[in-house]
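Take a look at the structure below.
Remember, predicted model here, so these are calculated numbers, not experimental data.
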Amino acid sequence: MYLADRSAPAGAKAAPGRGAGRSPAVAPTVLALGTVSLITDVSSEMVTAVLPLYLIAGLGLSPLGFGALDGLYNGVSALVQLTGGHLADRVRNHKLVAGIGYGLSALCKPLLLLAHSLGPIGVLLALERTGKGLRTAPRDALISLSTPDELQGRAFGVHRAMDTTGALLGPLAAFLILGVAVDGYDAVFGVSACVAALGVVVLMLFVPSGAGSGSGSGDTPPRETATPAAARPDPVRLRDAAGLLRLPRLRALALCAVLLGLTTVSDAFVYLLLQRRTGMDDQWFPLLPLGTAAVFLLLAVPAGALADRIGRRTVFLTGHALLLAAYGLLLWAPDWPALPYLVLALHGMFYATTDGVLPAAVAATVPESLRATGLALVGTGQALARFGCSLAFGGAWTLWGTGPALAAAAAGLLCCAAVAGFVLRPTPPAPFAPPAPDPTRRP
């Protein structure tokens, strides 16, 4: 049943004081972290929205070079995720490690004002992604540990919706700044730095130090509280983290995340393909992520709740089918006026049905003491796979053109989705076998 858990695990208890038909409110920790992510994503997406155009049109970078840089942008984050997750579990202070990550990312934003060549920009992007890698697993662990098991999908959906609100506002801010500022790119980088600093301040002031700053019901005991030093459990060892891969369900999730990540074309490439396919002007390019973010924002919470209700496997695989449909439109659809809207809608639906569902499924399989490490293991595998996809797609685009490159990605996604559907299939219950009679027992 890996991704197919439909409700609370056996033995899970409803929050006290709640009826069976009423859903608990979202935990305060989730709302606080969602606010931090909203502010931080405004900053990050301002840069991300203009970066492909800045590098290719402004600095003359080839698609292969951009693929390598985009892969580095995501690959560094992947490698650091394991460090961030293990460190957070080891020191048992998820907020501290997440804060270091947010702070490092914020520090890199003003330095982009001083970098005007590929080398320094690459170094700064790698450092910024290092901060993202450090904070991702501790942040998701805080969300998971403050939420009842049967509501993980909804909690991650709420967080991703707030996060995506920032992703919606960031490109819009970049578009407005490019329209009014003389040195448009430098102005975008400067405003982004100020917004990133605000996100760090909100994290320090409003996110509780413990994960259990109030559960989803608001009246249950914290799930992670400070304990006297003598009563604290032993520190998490690397051997314990590696032992997580012995869990069959976690192995299956990690395998599927890697397979599907290998065929998930980078967002930047999707937007570049859409621009070239439709011939839109460069000035409209920063608005393309708005379409994806708007759909993601509308559907993240319903998709998470649906995954809790009907099974995460079904929702997760449906999301990749929607991405395959977007590839098909980019390849073979006529030049309809509605084509950009359809592609961006499918792209946003893909993220709404996968981005929060996967960590919710991982959280259901990993012990609380290793929650951040388990989330980091799967996230690292997925991010490294997408790093490889960026390199491969950029090379295929350079050598063969956009059509063959995207066709290869679509064929790979179809095959990998079929394998994932088989690996993540629900496990049938073991047949009932009556106990063997005891030969020593007298009738």
Donor-acceptor pair, side chain of D89 and main chain of T373, under 3.5 angstrom: yes

For residues 255-264, run the donor-acceptor check on the side chains, cut-off 3.5 Å, and write out each pair with its distance to 0.1 Å, sequence neighbours left out.
residue : atom : partner : partner atom : Å
T263    : OG1  : L260    : O            : 3.2
T264    : OG1  : L260    : O            : 2.7

Sequence neighbours excluded, the answer for salt bridge (charged side-chain N to carboxylate O under 4.0 Å, His left out) partners of D41 is none

Output yes when D308 and R154 qualify as a salt bridge under the 4.0 Å nitrogen-oxygen rule, no when they do not. no

Side chain to side chain contact (heavy atoms under 4.5 Å, CB included) assessment of S37 paired with M162: CA-CA 7 Å; S37 293; M162 297 181 72; over 6 Å; no

Does a donor on one side chain and an acceptor on the other come within less than 3.5 Å for H320 and T354? no

Please round to the nearest 0.5 Å and tell me the distance separating atom NE2 of H94 and atom CZ of R371. 9.0 Å

4.5 Å side-chain heavy-atom contact, T40 and V202: no

Report yes or no: do R135 and S105 form a side-chain donor-acceptor pair below 3.5 Å? yes

Ion pair present between R160 and D140, side-chain N to carboxylate O less than 4.0 angstrom? yes

V47 and S192 have their tightest heavy-atom pair at CG2-OG, 3.5 Å

Could you walk me through whether F156 and V30 satisfy the side chain to side chain contact (heavy atoms under 4.5 Å, CB included) test, starting with their C-alpha distance in whole Å, then the side-chain angles of each, then the deciding distance to 0.1 Å, before giving a yes or no? CA-CA 8 Å; F156 279 104; V30 177; over 6 Å; no

Compile the donor-acceptor pairs under 3.5 Å between side chains in residues 288-306 and protein atoms, sequence neighbours left out, one pair per line.
residue : atom : partner : partner atom : Å
T292    : OG1  : Y271    : OH           : 3.1
T292    : OG1  : H347    : ND1          : 3.0

T35 and F206, any side-chain heavy atoms less than 4.5 Å apart: no

